Chemist: 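Pasting a structure here, questions to come.
Computed from heavy atoms alone, side chains included, the values below leave out hydrogens, waters and symmetry copies. Computed from a predicted model, the values in this text were never measured in an experiment.
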Amino acid sequence: PHTAEGEAAVNGDTSHLRPAPSRSRSSRRLPTAPEVLPVPAVVDGRFDVVAPIGAGGMGEIYLVSDRASGNRLALKLAMPLDSATLAGGLSAVHSALAFEFHFLRELQHPNLPAIYEFGFDADLRRPYFTLSFHDGLTLDEAWNALDTGGRLTVVRQILSALQYIH
């Protein structure tokens, strides 16, 4: 099965992948490192945050519910801009997020997530983009549950997407 975690790993973003925890999926939380920001309730007045999915150097990824469509999506939210950066333009992280969005939006492959829209939440001072969410196991959980044939299938899917991207 395809998951947001596995599909995002195929496109090179492994920031959200982590070793499978020993607790159930419903009790997973973001890492508690000091740099992790509070989980917002709503992004850009439109996306209700349902649960955190992962975190990395550029920001966090959340499962959200889109008020406009009712769809469940993944939302990648960059780190916030400080007021000096707001006056001077985008930070390197925000430029990288915009580049990632535009690059991924052009790709169409069955082992890559669909990329929908780019936005900026003025209250949070953070850009974001939305992508398809596929509920399922983490890559670690799926890998550990598969036999050799299933693992080969996953490797083929990853290599197919990598070949497509390059």
Side-chain angles (χ1 to χ4, degrees), residues 1-21 25 28 30-31 36 39-40 43-44 46-79 81 89-121 124 126-166:
H2 301 266
T3 65
E5 294 90 352
E7 290 178 350
V10 171
N11 71 41
D13 179 7
T14 59
S15 62
H16 62 284
L17 294 178
R18 64 221 176 274
R25 183 168 179 77
R28 291 188 189 149
L30 285 173
V36 174
V39 175
V43 175
D44 207 12
R46 174 177 167 188
F47 301 101
D48 294 314
V49 174
V50 176
I53 295 173
M58 282 183 31
E60 300 100 16
I61 301 175
Y62 298 101
L63 169 61
V64 298
S65 177
D66 183 355
R67 292 179 180 178
S69 69
N71 293 332
R72 288 168 38 116
L73 306 169
L75 183 141
K76 187 166 186 175
L77 184 64
M79 299 304 284
L81 290 168
L90 287 178
S91 71
V93 168
H94 294 174
S95 295
L97 185 76
F99 175 81
E100 180 181 354
F101 168 78
H102 290 290
F103 175 77
L104 293 175
R105 195 169 85 177
E106 299 300 316
L107 302 176
Q108 301 291 318
H109 190 276
N111 300 112
L112 296 174
I115 307 298
Y116 298 121
E117 61 186 275
F118 188 89
F120 185 84
D121 185 311
L124 297 174
R126 301 170 77 177
Y128 65 88
F129 69 83
T130 59
L131 57 154
S132 58
F133 174 77
H134 302 273
D135 202 8
L137 302 173
T138 65
L139 186 57
D140 284 342
E141 291 167 340
W143 189 261
N144 291 331
L146 293 171
D147 61 14
T148 302
R151 289 179 177 181
L152 285 173
T153 298
V154 169
V155 169
R156 280 188 209 103
Q157 291 172 344
I158 291 170
L159 292 175
S160 171
L162 286 172
Q163 180 181 27
Y164 172 76
I165 290 170
H166 292 97

Chemist: Identify the heavy atoms of Val50 and Ser65 that sit nearest to each other, and give their distance.
Modeler: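 Looking at all heavy atoms of both residues, the shortest contact is CG2-N, 3.9 Å.
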Chemist: How many angstroms lie between CZ in Arg126 and CG in Leu97, if you round to the nearest 0.5 Å?
Modeler: 10.5 Å
Chemist: Please examine the side chains of Thr153 and Leu146, heavy atoms only from C-beta on, and report whether any two atoms are closer than 4.5 Å.
Modeler: no
Chemist: Leu124 versus Val43: any side-chain heavy-atom pair under 4.5 Å?
Modeler: yes
Chemist: Nearest heavy-atom pair of Gly59 and Met79: which atoms, and what distance?
Modeler: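 Here Gly59 and Met79 meet closest at CA-SD, 3.6 Å.
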Chemist: Would you compute the distance between atom CG of Leu77 and atom CE of Met58 and round it to the nearest 0.5 angstrom?
Modeler: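 The distance works out to 10.5 Å.
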Chemist: What residue pairs, at least two apart or across chains, pass salt bridge (Lys or Arg N to Asp or Glu O under 4.0 Å) with a residue in residues 108-117?
Modeler: Arg46-Glu117
Chemist: Quick check for you: to the nearest 0.5 Å, what is the distance between Leu104 atom CG and Ile115 atom CD1?
Modeler: 4.5 Å
Chemist: Below 6.0 angstrom between ring centroids: does that apply to Tyr62 and Tyr128?
Modeler: no
Chemist: Using 0.5 Å steps for rounding, measure from the CZ atom of Arg67 to the CG atom of Asp44.
Modeler: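 CG of Asp44 is found 10.5 Å from CZ of Arg67.
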Chemist: For the residue pair Ala161 and Leu112, what are the closest heavy atoms and their distance?
Modeler: CB-CD2, 4.2 Å
Chemist: What closest approach, in Å, do Phe118 and Pro127 show between heavy atoms, and which atom pair accounts for it?
Modeler: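 Reported closest heavy-atom pair: CZ-CB, 3.8 Å.
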Chemist: Test of understanding: with side-chain hydrogen bond (donor to acceptor under 3.5 Å, both in side chains), list the residues that count as partners of Ser69, not counting sequence neighbours.
Modeler: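 Ser69 satisfies side-chain hydrogen bond (donor to acceptor under 3.5 Å, both in side chains) with Asp66, Asn71 once adjacent residues are dropped.
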Chemist: Rounded to the nearest 0.5 Å, what separation is found between the CG atom of Leu63 and the CG atom of Asp135?
Modeler: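 Here the interatomic distance stands at 7.5 Å.
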Chemist: What I'd like to find out is whether the side chain of Tyr116 reaches to under 4.5 Å of the side chain of Ser132, using heavy atoms alone.
Modeler: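 Side chain of Tyr116 against side chain of Ser132, heavy atoms only: contact under 4.5 Å found.
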Chemist: Once ring-ring contact (aromatic ring centres under 6.0 Å, His included) is applied, do any residues pair with His109, and if so which ones, sequence neighbours excluded?
Modeler: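 Residues passing ring-ring contact (aromatic ring centres under 6.0 Å, His included) with His109: Tyr164.
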Chemist: In Å, rounded to the nearest 0.5 Å, how long is the span from CG of Leu75 to CD1 of Ile61?
Modeler: 9.0 Å
Chemist: Please identify each residue that fulfils side-chain hydrogen bond (donor to acceptor under 3.5 Å, both in side chains) with Asp121, with sequence neighbours left out.
Modeler: none
Chemist: Does Phe129 have any ring-ring contact (aromatic ring centres under 6.0 Å, His included) partners at least two apart in sequence or in another chain, and if so, which?
Modeler: Phe101
Chemist: For a 4.5 angstrom cut-off between non-hydrogen side-chain atoms, does Arg151 reach Val155?
Modeler: no
